[in-house]
Amino acid sequence: MAVEGGMKCVKFLLYVLLLAFCAFAVGLIAVGIGAQLVLNQTITPGATPGSLLPVVIIAVGAFLFLVAFVGCCGACKENYCLMITFAIFLSLIMLVEVAAAIAGYVFRDKVISEFNKDFRQQMQNYPQNNHTASILDSMQEDFKCCGAANYTDWEKILSMKRVPDSCCVNVTQGCGINFNVKDIHTEGCVERIGGWLRSKVLVVAAAALGIAFVEVLGIVFACCLVKSIRSGYEVM
């Protein structure tokens, strides 16, 4: 028995929310992949709160997309079991997103601490490892920084009065040798890049809470539709 009256409006709004969930899911997956790529260049891989957060974001995004598909099928066919499944799974996703948002806020400083440790470790490998050197040079050029805390950190790594050429304001070959301080970036990369990472974590946390609010509406609409479908079965 097809839903009637106000439930048609609820069903239409649920379709709109399901489309929004699909968009949110794709967005979460994109953000998670982007965060993972950034962390792979700045933090040594491992089971730490900072490095696991992008994996959680990607998993939630993929699961949300699957749940939205189930909800769409349930609403289209007005299937009681599918709508119940949709409401339950959407509730679980909402709880995970709220937990991830809280974890992102709580561990934001932990991410910076890990980055500081790993950046200094990569600095030690700079003279011997071309791949590490390329990563650090790219980060220093992109964020206009030099060293971990400041440019003097390189004095412990490189001999004589020298910094990587990527520290220079105008990057040219050999510009880091016998440099003049006014010609290089003096601010450390940990503070500059760390602040950028912290802001991204907070944006993801805020987005997760915003999505959770929309999901509450989806759960309410799904429950209303389930009640209407069940009433139709009882009448029949």
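In what follows, residues are counted from 1 in the order of the sequence shown.
- The nearest pair of heavy atoms linking Tyr151 to Val163 is O-CG1, 4.1 Å.
- Using the six-membered ring where Trp is involved, Phe21 and Phe86 have ring planes that are tilted, between 30° and 60° apart.
- Judged by distance alone, with hydrogens and angles left aside, the side-chain atoms of Lys11 form no donor-acceptor pair with the main-chain N or O of Leu225 at under 3.5 Å.
- Contact check for Met94 versus Leu90: no side-chain heavy atoms found under the 4.5 Å cut-off.
- In this structure, Gln173 places its CD atom where only 12 or fewer heavy-atom neighbours from other residues, nucleotides or ligands lie under 6.0 Å away.
- Around atom CG of Asn180, more than 12 heavy atoms belonging to other residues, nucleotides or ligands sit under 6.0 Å away.
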Report task. I would like to know whether Leu64 and Phe24 meet side chain to side chain contact (heavy atoms under 4.5 Å, CB included); could you show each step before the answer? Result -> CA-CA 8 Å; Leu64 178 58; Phe24 289 150; 4.2 Å; yes

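- Applying the 6.0 Å contact sphere to CD of Glu191 captures no more than 12 heavy atoms from other residues, nucleotides or ligands.
- Taking 4.5 Å as the limit, every side-chain heavy atom of Phe119 sits out of range of all side-chain heavy atoms of Asn116.
- Closest non-hydrogen pair, Gln124 versus Ile157, comes out as NE2-CD1, 3.2 Å.
- Using a distance-only test at 3.5 Å, with no hydrogens or angles considered, a donor-acceptor pair links the side chain of Gln140 to the main chain of Gly147.
- For the pair Ser138 (side chain) and Ser134 (backbone), a donor-acceptor distance under 3.5 Å is absent.
- Nearest heavy atoms, Ala75 versus Leu14: CB-CD2, 4.1 Å.
- Pairing each heavy atom of Ser166 with each of Asp137, the nearest pair is OG-OD1, 2.8 Å.
- Cysteines Cys189 and Cys146 have SG atoms no closer than 2.5 angstrom.
- Considering only heavy atoms from C-beta on, Phe179 stays 4.5 Å or farther from Cys167 through its side chain.
- Applying the 6.0 Å contact sphere to OH of Tyr126 captures more than 12 heavy atoms from other residues, nucleotides or ligands.
- Side-chain atoms of Tyr15 come within 3.5 Å of backbone atoms of Cys76 as a donor-acceptor pair (strictly under, hydrogens ignored).
- The nearest pair of heavy atoms linking Lys182 to Val169 is O-CG2, 4.3 Å.
- Linking Ile, Leu, Val, Met, Phe, Trp and Tyr whenever their side-chain heavy atoms come within less than 4.5 Å puts Ile88 and Tyr80 in one cluster.
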